[in-house]
Asker: 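Dropping a structure here in structure tokens format, bear with me for questions.
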Amino acid sequence: MACKLPGNTTVSGKSILRRCAVMLVSLLASFYLLHGLTQLGGSALRSPVSASVSASELVDASQAPLRRKRVLHRWVVGSVARQRLDGGGDAPGPQVRDAALGFPSASGKLRPLGDGTKRLPQAIIVGVKKGGTRALLEFLRVHPDVRAAGAEPHFFDRFYDNGLAWYRDLMPKTLEGQITMEKTPSYFVTREAPARIYSMSRSTKLIVVVRDPVTRAISDYTQTLSKKPDIASFESLTFKNRTTGLIDTSWSAIQIGIYTKHLDNWLQFFPMHQILFVSGERLISDPAGELGRVQDFLGLKRIITDKHFYFNQTKGFPCLKKAEGSSKPHCLGKTKGRTHPNIDPEVVQRLRDFYRPFNMKFYQMTGRMFGWDD
Ligand SMILES: Nc1ncnc2c1ncn2[C@@H]1O[C@H](COP(=O)(O)OS(=O)(=O)O)[C@@H](OP(=O)(O)O)[C@H]1O
């Protein structure tokens with residue numbers, strides 16, 4: 001059979017069939033290619049970040065400023081979880097379900113979404129007054145896995161009757177994996193504090209910032225003097241009887257520095273390994289070194305390093321290059337690092353002699369030489 005095409009071309013039936021078959025095959029091939037491209041583009045659009053973000057990158061991202069990190073983590077883990085929930089036919093396991101609801105901490109753990117929950121502290125800086133407790137807490141707060149109450153709650157000494165719910169309410173909200181902390185230096189010398197903290201949680205980690213008891217006493221006195229300029233001199237308050245040289249151990253400025261006496265009280269309830277002693281002197285001369293020990297003790301990743309500090313010549317103390325939630329340098333306020341009055345060197349020597357045996361016992365108990373008697 002033959003037919004006439006426009007332009008007087010004569011085409012046979014066989015030839016038409018051949019042409020139609022070729023057209024069909026190329027049409028099918030185009031469809032196949034188009035389908036492949038759509039699949040590729042579709043999955044890339046569904047998970048723009050998740051496909052390229054590894055667990056270690058998530059951990060690294062946590063070291064960026066907290067707010068930015070949280071937004072990023074919500075987005076990243078949210079999309080990972082969504083992808084798994086959408087794509088897989090299986091019911092999601094607990095990890096995926098958690099991921100759908102949250103984001104990981106610096107340690108890679110998953111956290112619930114939202115602003116978090118107020119929790120009782122898992123670690124408390126219990127002392128000592130004028131040891132450097134504020135500096136330690138301010139430095140620790142830089143860690144993304146630490147949240148701390150701003151003011152001193154004084155729950156275990158002054159406000160115990162208000163109950164644990166009241167205490168918890170003073171705490172900042174935390175996400176799973178973050179540690180709640182507070183500092184109240186007077187706990188260390190409060191007789192009831194160890195039993196009370198133990199009854200809240202026997203696993204509470206305790207931190208004590210200790211400082212040379214003589215300079216601590218002078219610092220304590222300097223604070224009182226700033227509030228009551230009319231008080232008696234340090235020298236006269238130190239002695240029960242200046243002629244006999246008998247020290248007045250009932251004066252709180254003196255008594256607080258007999259660390260072994262107070263420590264004995266804590267050891268009735270807590271084992272030594274649950275108490276960390278931070279050197280107040282080293283906190284000034286090597287803040288990153290002391291912070292390293294504290295982070296280890298709290299089971300935290302060592303994120304706070306010497307890169308976080310600079311020595312402020314005017315202040316005469318180490319300061320933070322960036323405070324928590326800020327990009328500005330931050331030194332402690334003017335009530336921290338006061339100029340001390342000059343004390344009669346004979347009185348200072350008498351106090352050194354008084355504290356020496358207590359210090360020696362303290363070094364023995366803690367296994368650390370603090371160097372106050374060198
Ligand atoms: N980085 C930094 N900046 C300023 N001050 C610092 C710092 N590190 C430790 N210190 C020392 O902290 C002392 C105050 O201790 P506390 O914060 O424990 O005092 S308080 O008990 O809360 O009142 C305070 O005591 P004074 O020098 O006697 O004022 C400081 O010596």
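FYI, side chains are in, hydrogens and waters are out, and symmetry mates aren't considered; it's all heavy atoms of this structure. Source: prediction; values computed, not measured.
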Asker: Listing request: all ring pair (Phe, Tyr, Trp, His ring centres under 6.0 Å) pairs with a residue in residues 284-316, at least two apart in sequence or in separate chains.
Answerer: F139-F309

Asker: By salt bridge (Lys or Arg N to Asp or Glu O under 4.0 Å), which residues pair with R338, not counting sequence neighbours?
Answerer: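 R338: no salt bridge (Lys or Arg N to Asp or Glu O under 4.0 Å) contacts found.
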
Asker: Sequence neighbours excluded and cut-off under 3.5 Å, please list the side-chain donor-acceptor pairs for residues 190-200, or say none.
Answerer:
from : atom 1 : to   : atom 2 : distance (Å)
T190 : OG1    : S186 : O      : 2.7
R196 : NH1    : F156 : O      : 3.0
S199 : OG     : R196 : O      : 3.1

Asker: Under the rule for side-chain hydrogen bond (donor to acceptor under 3.5 Å, both in side chains), what residues qualify as partners of D212, not counting sequence neighbours?
Answerer: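 Checked D212 against side-chain hydrogen bond (donor to acceptor under 3.5 Å, both in side chains); matches are R352.
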
Asker: Which residues pass the salt bridge (Lys or Arg N to Asp or Glu O under 4.0 Å) test with R158, not counting sequence neighbours?
Answerer: none

Asker: Kindly write out the residues that satisfy side-chain hydrogen bond (donor to acceptor under 3.5 Å, both in side chains) with S201, not counting sequence neighbours, or none if the list is empty.
Answerer: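 By the side-chain hydrogen bond (donor to acceptor under 3.5 Å, both in side chains) rule, S201 matches S203.
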
Asker: Which ring pair (Phe, Tyr, Trp, His ring centres under 6.0 Å) pairs, counting each pair once, include a residue from residues 217-236, with sequence neighbours left out?
Answerer: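 Checked against ring pair (Phe, Tyr, Trp, His ring centres under 6.0 Å) - neighbours excluded - the pairs reaching residues 217-236 are Y221-F234, F234-W251.
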
Asker: Can you list everything that forms a salt bridge (Lys or Arg N to Asp or Glu O under 4.0 Å) with E290? Sequence neighbours excluded, please.
Answerer: R293, R368

Asker: For K173, which residues count as a salt bridge (Lys or Arg N to Asp or Glu O under 4.0 Å) partner, sequence neighbours excluded?
Answerer: none

Asker: Can you list every pair that meets salt bridge (charged side-chain N to carboxylate O under 4.0 Å, His left out) and has a residue in residues 249-276, with sequence neighbours left out?
Answerer: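 Applying salt bridge (charged side-chain N to carboxylate O under 4.0 Å, His left out) to every pair that reaches into residues 249-276, excluding sequence neighbours, yields D264-K361.
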
Asker: Check side-chain hydrogen bond (donor to acceptor under 3.5 Å, both in side chains) between D248 and all other residues, then give those that pass, not counting sequence neighbours.
Answerer: S250

Asker: For S327, give me all partners under side-chain hydrogen bond (donor to acceptor under 3.5 Å, both in side chains), at least two apart in sequence or on another chain.
Answerer: none

